[in-house]
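Step one of this worksheet: look at the structure below.
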Amino acid sequence: MTPDQSLLLLGLAPAITRRWLARLNEPQRHYHTRAHVEAMLANLPPADATREMIAAIWLHDIVYDPKASDNEELSAKVAQQDLAGSDIAIASVVELILGTKRHEPGSETQNLLNDLDLGILGASTPAYARYAHQIRLEYAHVPTPQYHAGRAAVLRAFDQKQIFQTERFEHLEERAHKNLRAEIARLQ
């Protein structure tokens, strides 16, 4: 599904979706951009392309401040405001967005959104390297030693668990762990 198709399905006022596009182009973003949303939409199975899932994809990182720890909560508030007056089930969208904070297994819909969000972990080596570089750029404010320690801790936590929860993404599990371990080794 293309971004334009997805926005048509949502049927929201153009001013709202223009705001979303502007936010996804903010200068602190290098990975959490429109390209991330586009990749998620491209991998969304047509049978699962509900308006709630599409809204959650667009809005799960709509607030993104690498210095903050409440991005998901603030993104959920944007969802409540921007979807008000539509017939989209706002509570479902909010729940999905909040579920991306920890990426823990949940409902089938939550698992799919989490897998779409984390799909980059199972990407090819060059694509993963680009992603890792983009994340470093987003955290440029963190001194290198602290960044290496913090990033390695996050990656180790992912490496110690099953990452993908859906059949559609399970084939990426092994490659994801290889990517994580390679980045951890580079950071140490």
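In this chain, numbering begins with 1 at the start of the sequence shown.
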Other residues, nucleotides and ligands only: do more than 12 of their heavy atoms fall within 6.0 Å of [atom1] on [X]?
X    : atom1 : answer
K67  : NZ    : no
E108 : CD    : no
E138 : CD    : yes
K101 : NZ    : yes
R102 : CZ    : no

Separation between [atom1] of [X] and [atom2] of [Y], rounded to the nearest 0.5 Å:
X    : Y    : atom1 : atom2 : result
D115 : L44  : CG    : CG    : 12.0 Å
F164 : N111 : CZ    : CG    : 12.0 Å
I97  : L113 : CD1   : CG    : 8.5 Å
E52  : I54  : CD    : CD1   : 9.0 Å
L112 : I57  : CG    : CD1   : 7.0 Å
I88  : M53  : CD1   : CE    : 13.5 Å

| field | Verdict with reasoning, E173 to E170, per side chain to side chain contact (heavy atoms under 4.5 Å, CB included) | value | CA-CA 5 Å; E173 189 76 23; E170 67 185 4; 5.6 Å; no
| side chain to side chain contact (heavy atoms under 4.5 Å, CB included) assessment of L180 paired with Q160 | CA-CA 10 Å; L180 294 172; Q160 293 171 1; over 6 Å; no
| request: Using modelled atom types only, decide if a donor and an acceptor are shared between the side chain of R156 and the backbone of I184 within a distance under 3.5 Å. | output: no
| task | For residues V93 and A79, report the shortest heavy-atom separation together with the two atoms involved. | result | CG1-CB, 4.1 Å
| task | Might you point out which heavy atoms bring Q28 and P66 nearest each other, and give the distance in Å? | result | CG-CD, 3.8 Å
Do [X] and [Y] come within less than 4.5 Å of each other through their side chains, counting heavy atoms only?
X    : Y    : answer
L172 : I163 : no
S75  : D61  : no
H60  : M40  : yes
I135 : H30  : no
L21  : W58  : yes
Y128 : R175 : no
T2   : L41  : no
D70  : D65  : no

| Partners passing salt bridge (Lys or Arg N to Asp or Glu O under 4.0 Å) against D87 (at least two apart in sequence or in another chain) | R51
| request: Return the set of residues passing salt bridge (Lys or Arg N to Asp or Glu O under 4.0 Å) with R34 (not counting sequence neighbours), or none when no residue passes. | output: E38
Just to verify, what does [X] make a ring-ring contact (aromatic ring centres under 6.0 Å, His included) with, not counting sequence neighbours?
X    : value
H141 : Y139
Y64  : H32
H177 : none

| task | Treat each ILVMFWY residue as a node, draw an edge where side-chain heavy atoms are under 4.5 Å apart, and state whether L187 and V154 are in one component. | result | yes
| Can you check side chain to side chain contact (heavy atoms under 4.5 Å, CB included) on L24 and I62, steps first, answer last? | CA-CA 7 Å; L24 292 169; I62 204 67; 4.2 Å; yes
Please tabulate, for side-chain N and O atoms in residues 7-20, each donor-acceptor pair with protein atoms closer than 3.5 Å (sequence neighbours left out).
unit_1, atom_1, unit_2, atom_2, d
T17, OG1, P14, O, 3.2
R19, NH2, D82, OD1, 2.9
W20, NE1, D82, OD2, 2.8

| said: Is a donor from one side chain sitting under 3.5 angstrom from an acceptor on the other, for D117 and T100? | reply: no
| said: What I want to check is whether the side chains of Q110 and S107 have a donor and an acceptor closer together than 3.5 Å. | reply: no
| field | Sole candidate of K178, Q188, R151 that passes side chain to side chain donor-acceptor pair (under 3.5 Å) when paired with E183 | value | R151
| request: Begin from the C-alpha positions of Y131 and N179 and carry the test side chain to side chain contact (heavy atoms under 4.5 Å, CB included) through to its verdict. | output: CA-CA 11 Å; Y131 152 76; N179 285 333; over 6 Å; no
